[in-house]
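Worksheet for the structure shown next.
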Amino acid sequence: MSEAAATPPASLDFIREMIAADLAAGRNDGKVVTRFPPEPNGYLHIGHAKSICLNFGIAQENAPNSRCHLRFDDTNPTKEEVEYVDSIKADVQWLGFDWGDHLFFASDYFEKLYGFAEQLITKGLAYVDDQTQEEMRASRGTLTSPGTRSPYADRSVEENLDLFRRMRQGEFKEGEKVLRAKIDMASVNMHMRDPALYRILRAHHHRTGDAWCIYPMYDYAHPLSDALEGITHSLCTLEFEIHRPLYEWLINNVDGLPGAPYQREFARLNLTYTVMSKRKLLRLVKEDLVNGWDDPRMPTISGMRRRGITASAIRSFCKTIGLTKFNSLTEIALLEHSIREDLNKISHRAYGVLRPIKVVITNYPEDQVEYFDAPNHPEDPEAGTRQVPLCRELYIESDDFMEFPSDGFHRLKPGGEVRLKFAFCIICQEVIKDAEGNILELRCTYDDATRHGKKPEGRTKPKGIIHWVSARHAIDAPVRLYDRLFTVETPDADAGEDGDFTKFLNPASCETITNAKLEPSLKDAAPGSHWQFERVAYVYADPIDSKPGAPVFNRTVTLKDGWVKK
RNA sequence: UGCCUCAUGGUGUAAUGGUAACACAGCAGAUUCUGAAUCUGUCAUUCAAGGUUCGAGUCCUUGUGAGGCAACCA
């Protein structure tokens, strides 16, 4: 399979416990069959990753007798597109999971599903209703009062069969008739008040084309599809909890099903500073509030990938957040921790100065160039080293200089000393400004005795160590500094019922720096490579916008900054 | 004003009737040619009230709070 870790979490969550109990009881011939069942009506997001890691993870943990299916729940052709099918497949694979031969579509079962519907009609458990949508809503009752059965509910089996067949033949208009299960109009569970099973939809389906004009509802197709595939454990999010009795009703009332799956529900993921519903994400895309589904600020899998977040980080995050029925709000910091943890291991280091100030080393020969050896990874000698050129004029980070330093600032200040990492120490002798008082350059002197980390006798070691780039050798590259998409933790909730969550969009969520100065080795950064600009951030060479010799970087996440200005 | 589900540090989770623990975040220190990483320490938790029990985060009752449910969406 993939490199995705097949080890379960240290302690079992309630779902895995349930599965372990089933296994211990010898149910399902010792097999566990799960499924990830997205509707192809949008791109996958980090919340789906939780479900993917759960379903595919459980299958891996119980190998080799177990498997996880990828099934597209494509029962509503008005919302679904092949673009989404393709992106979902790519995202699941990228996350490191493999469905093998088990790729399915609910639409593959349309004929069988139709047959089961005729069976229910024959058993007197389903009927064709002629009521309008409004009439149905009115007769369904309310949360506190029972509904009343449709006047059409008592049609004979023969009439129902005839009507249902004619629905399929296309004799009726959209909305004219629906097939309903005959269950209980007085149930406290609204979903049991004769739910619709089939509706007429004259829409082109991305797979079945115009072969059908009636389409099964989710509540009908889902349990039956699960059963047809031999799914043992149907795991979904909490909002489907109330659908469970209907799920079980169908499994129990349809004869000839090869399996008897059961459904269990877990809480969906909520993350601070973002929105997670497909509807809202779709709106951000359609209204051009972001640059498409894979905008690096999006919580989509494709957006996160483009930002430079690794599949391994996402898997690790999913393991960290656990699995419960508690409706929680996870701090984005937890995700960031997983990202940094992974990126720290795999990213080579390089110097990138985002907001440069020029430094002139006045006692360094004008025409001299020398190369310093810099390790590519401080914790991995095998990553090798690279040569970083230095000459008389350099760029340093403007944050690394303070003319009027606050307490505890130990980078460069007038009269102060810092080490240029892997080179030598410099002392700031003079601050050159223009007429408006803007700093133009810093004139410094270097101390030859401090090369390569050496500290002359009797001298105190400067606390500050900063990165730098040779002005003569620097390359310019765009660096996009991504930040949280929203300014508030819960844009959803804060917007309220009818409120507009887009008013909380963070105007500073993407700042593109065009004049970043990078060390020359970065010129050849491969598109799709991860780097750490030392002391600054983890960045990712954008796989689409980077061109040979002209990389474009996305800031994936900043480094933690332990220094707080006093 | 019904039914269902849930409630453990700031956040996410663990503890399966027997010492409330882990991670993140925060704080402090050590270390460091990244104010990163690493290491050490530290702060901080069972929604409330009753009950059962030798013993309750766990079981029961009531209350409170949060989420969900009345598409021919999924």
Side-chain angles (χ1 to χ4, degrees), chain A residues 9-13 17 37-39 41 73-76 78-80 129 131-133 136-138 140-145 147 174-180 187-191 193 195-201 214-215 217-219 221-222 236-245 265 267 269 272 278-279 320-338 340-341 344-345 349 351 374-375 378-379 408-411 419-425 450 452-455 461-467 532-538 558-564:
Chain A
S11 62
L12 297 187
D13 53 71
E17 243 171 40
E39 181 188 18
N41 68 344
D73 234 327
D74 53 350
T75 58
N76 185 355
T78 64
K79 288 186 176 174
E80 298 152 7
D129 195 349
Q131 287 186 113
T132 64
Q133 236 176 113
M136 272 182 63
R137 189 173 349 108
R140 187 155 24 232
T142 70
L143 293 173
T144 52
S145 62
E174 240 179 63
E176 209 176 318
K177 289 182 166 41
V178 296
L179 182 74
R180 289 229 255 172
S187 172
V188 288
N189 186 339
M190 300 297 292
H191 296 272
R193 322 247 264 225
L197 266 25
Y198 270 88
R199 78 286 215 187
I200 297 168
L201 245 32
I214 57 170
Y215 290 91
M217 303 287 294
Y218 163 86
D219 277 321
H222 202 89
C236 59
T237 46
L238 243 28
E239 65 268 28
F240 293 103
E241 197 163 34
I242 195 118
H243 297 239
R244 190 152 105 198
E265 313 81 15
L269 172 68
T272 54
K278 270 193 200 169
R279 212 188 84 244
T320 304
I321 56 175
L323 193 76
T324 65
K325 300 185 75 163
F326 178 61
N327 223 304
S328 60
L329 177 65
T330 300
E331 285 179 352
I332 194 78
L334 225 54
L335 208 214
E336 289 175 349
H337 170 74
S338 293
R340 293 191 182 104
E341 189 176 46
N344 178 43
K345 281 185 299 201
R349 312 290 132 123
Y351 290 158
E379 290 156 26
F409 181 80
H410 49 244
R411 279 107 91 163
R419 170 168 295 283
L420 298 179
K421 196 172 182 195
F422 299 126
F424 42 62
C425 296
T450 57
H452 306 296
K454 282 202 285 277
K455 172 180 75 85
K461 205 159 114 177
K463 278 185 180 163
I465 300 160
I466 65 174
H467 60 287
Q532 185 200 93
F533 285 176
E534 278 202 57
R535 305 206 312 124
V536 176
Y538 291 102
T558 62
L559 254 44
K560 275 181 70 173
D561 188 358
W563 184 65
V564 278

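Excluded from the calculations below are hydrogen atoms, water molecules and symmetry mates; all remaining heavy atoms, backbone and side chain alike, are included. Lettering follows sequence order; numbering is per chain, from 1.
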Pairs: protein N or O with nucleotides 38-43 of chain B N or O, under 3.5 Å:
none

Between C39(B) and A44(B), how far apart are the C1' atoms? Round to whole Å, please.
22 Å
Take atom C1' in G41(B) and the same atom in U31(B), then report the distance between them in whole Å.
14 Å
5' priority, RNA chain B, between Thr450(A) and Gly322(A) [closest heavy atom]
Gly322(A)
Base versus backbone protein contacts along nucleotides 27-32 of chain B [heavy-atom cut-off under 4.0 Å; B, S, -]
------
For C22(B) and C59(B), measure between their P atoms and round to the nearest Å.
24 Å
Partner residues of Glu336(A) under the side chain to side chain donor-acceptor pair (under 3.5 Å) criterion, sequence neighbours left out
none
Taking only residues two or more places apart in sequence, or in another chain, which ones meet Arg193(A) in a side chain to side chain donor-acceptor pair (under 3.5 Å)?
none
Step by step, work out the side chain to side chain contact (heavy atoms under 4.5 Å, CB included) result for Tyr538(A) and Asn344(A).
CA-CA 8 Å; Tyr538(A) 291 102; Asn344(A) 178 43; 3.2 Å; yes
Please give the distance between the C1' atoms of C69(B) and G10(B) as a whole number of Å.
32 Å
How far, in whole Å, is U62(B) from A25(B) if one measures between their C1' atoms?
37 Å
Do Arg535(A) and Lys421(A) have side-chain heavy atoms sitting under 4.5 Å apart?
no
Check whether any side-chain N or O of Ser338(A) sits under 4.0 Å from OP1 or OP2 of C24(B), and answer yes or no.
no
Which nucleotide wins on minimum distance to the side chain of Arg535(A), given the candidates G12(B), G35(B), G10(B)?
G35(B)
Please confirm whether any donor atom in the side chain of Glu265(A) sits under 3.5 Å from an acceptor in the base of U5(B), or the reverse.
no
For Arg419(A), which residues count as a salt bridge (charged side-chain N to carboxylate O under 4.0 Å, His left out) partner, sequence neighbours excluded?
none
Taking OP1 and OP2 of A37(B), is either one under 4.0 Å from a side-chain nitrogen or oxygen of Lys560(A)?
yes
Quick one: does Pro37(A)'s side chain get under 4.5 Å of His222(A)'s, heavy atoms only?
yes
Please name all residues satisfying ring pair (Phe, Tyr, Trp, His ring centres under 6.0 Å) with Phe409(A), sequence neighbours left out, ordered by chain then number.
Trp563(A)
Between A70(B) and G12(B), how many Å separate the two C1' atoms, rounded to a whole number?
34 Å
Can you classify the ring geometry of Phe422(A) versus Tyr351(A) as parallel (below 30°), tilted (30 to 60°) or perpendicular (above 60°)?
parallel
What's the base orientation of A71(B): syn (chi within 90° of 0) or anti?
syn
Nearest-nucleotide wise, let me know which of Ile321(A) and Arg411(A) is further upstream toward the 5' end of RNA chain B.
Ile321(A)
Determine, for nucleotides 63-74 of chain B in 5'-to-3' order, which nucleotides have protein heavy atoms under 4.0 Å from the base (write B), from only the sugar-phosphate (write S), or from neither (write -).
----SBBBSBBB
Which string of ( ) [ ] | and . matches RNA chain B, if you list each base 5' to 3' and count Watson-Crick or G-U pairs only when both distances are under 3.5 Å?
.((((((..((((....[..)))).(((((.......)))))....(((((..]....))))))))))).....
Flag, side chain of Thr450(A) to backbone of Phe424(A), donor-acceptor distance under 3.5 Å:
no
Residues that Glu239(A) engages under side chain to side chain donor-acceptor pair (under 3.5 Å), provided they are two or more places apart
Thr237(A), Arg268(A)
Using a 3.5 Å distance criterion without hydrogens, assess whether the side chain of Asn189(A) forms a donor-acceptor pair with backbone atoms of Ile242(A).
yes
Please list, chain by chain and in numerical order, all residues satisfying salt bridge (charged side-chain N to carboxylate O under 4.0 Å, His left out) with Glu39(A), sequence neighbours excluded.
none
Sequence neighbours excluded, which residues qualify as salt bridge (charged side-chain N to carboxylate O under 4.0 Å, His left out) partners of Glu80(A)?
none
Rounded to the Å, how far apart are Trp563(A) CH2 and G26(B) C1'?
19 Å
Sticking with atom C1', work out how far U46(B) lies from U13(B), rounded to a whole angstrom.
13 Å
Would you classify Arg349(A) as touching base, sugar-phosphate or nothing, given that sugar-phosphate means primed atoms plus P, OP1 and OP2, and contacts are heavy atoms under 4.0 Å?
base
Report the C-alpha distance between Asn76(A) and Leu201(A) in whole Å, list the side-chain angles of each, state the deciding distance to 0.1 Å, and finish with yes or no for side chain to side chain contact (heavy atoms under 4.5 Å, CB included).
CA-CA 8 Å; Asn76(A) 185 355; Leu201(A) 245 32; 3.9 Å; yes
Per Thr324(A) side chain, nearest of listed nucleotides G12(B), U13(B), A37(B)
U13(B)
With heavy atoms under 4.0 Å as the rule, sort Tyr351(A) into base, sugar-phosphate or nothing.
nothing
So do the side chains of Pro378(A) and Arg349(A) get within less than 4.5 Å of each other, counting heavy atoms only?
yes
Taking the same atom, P, in G9(B) and in U1(B), what whole-Å distance lies between them?
34 Å
Closest of U13(B), G35(B), C33(B) to the Phe422(A) side chain is C33(B)
At under 4.0 Å between heavy atoms, what does Ile466(A) touch on the DNA or RNA strands: base, sugar-phosphate, or nothing?
nothing
Using atom types as modelled and distance alone, determine if a side-chain donor or acceptor of Arg340(A) lies under 3.5 Å from a backbone N or O of Thr558(A).
yes
Could you go over nucleotides 57-60 of chain B and give all protein N or O partners under 3.5 Å, atom names and distances?
none

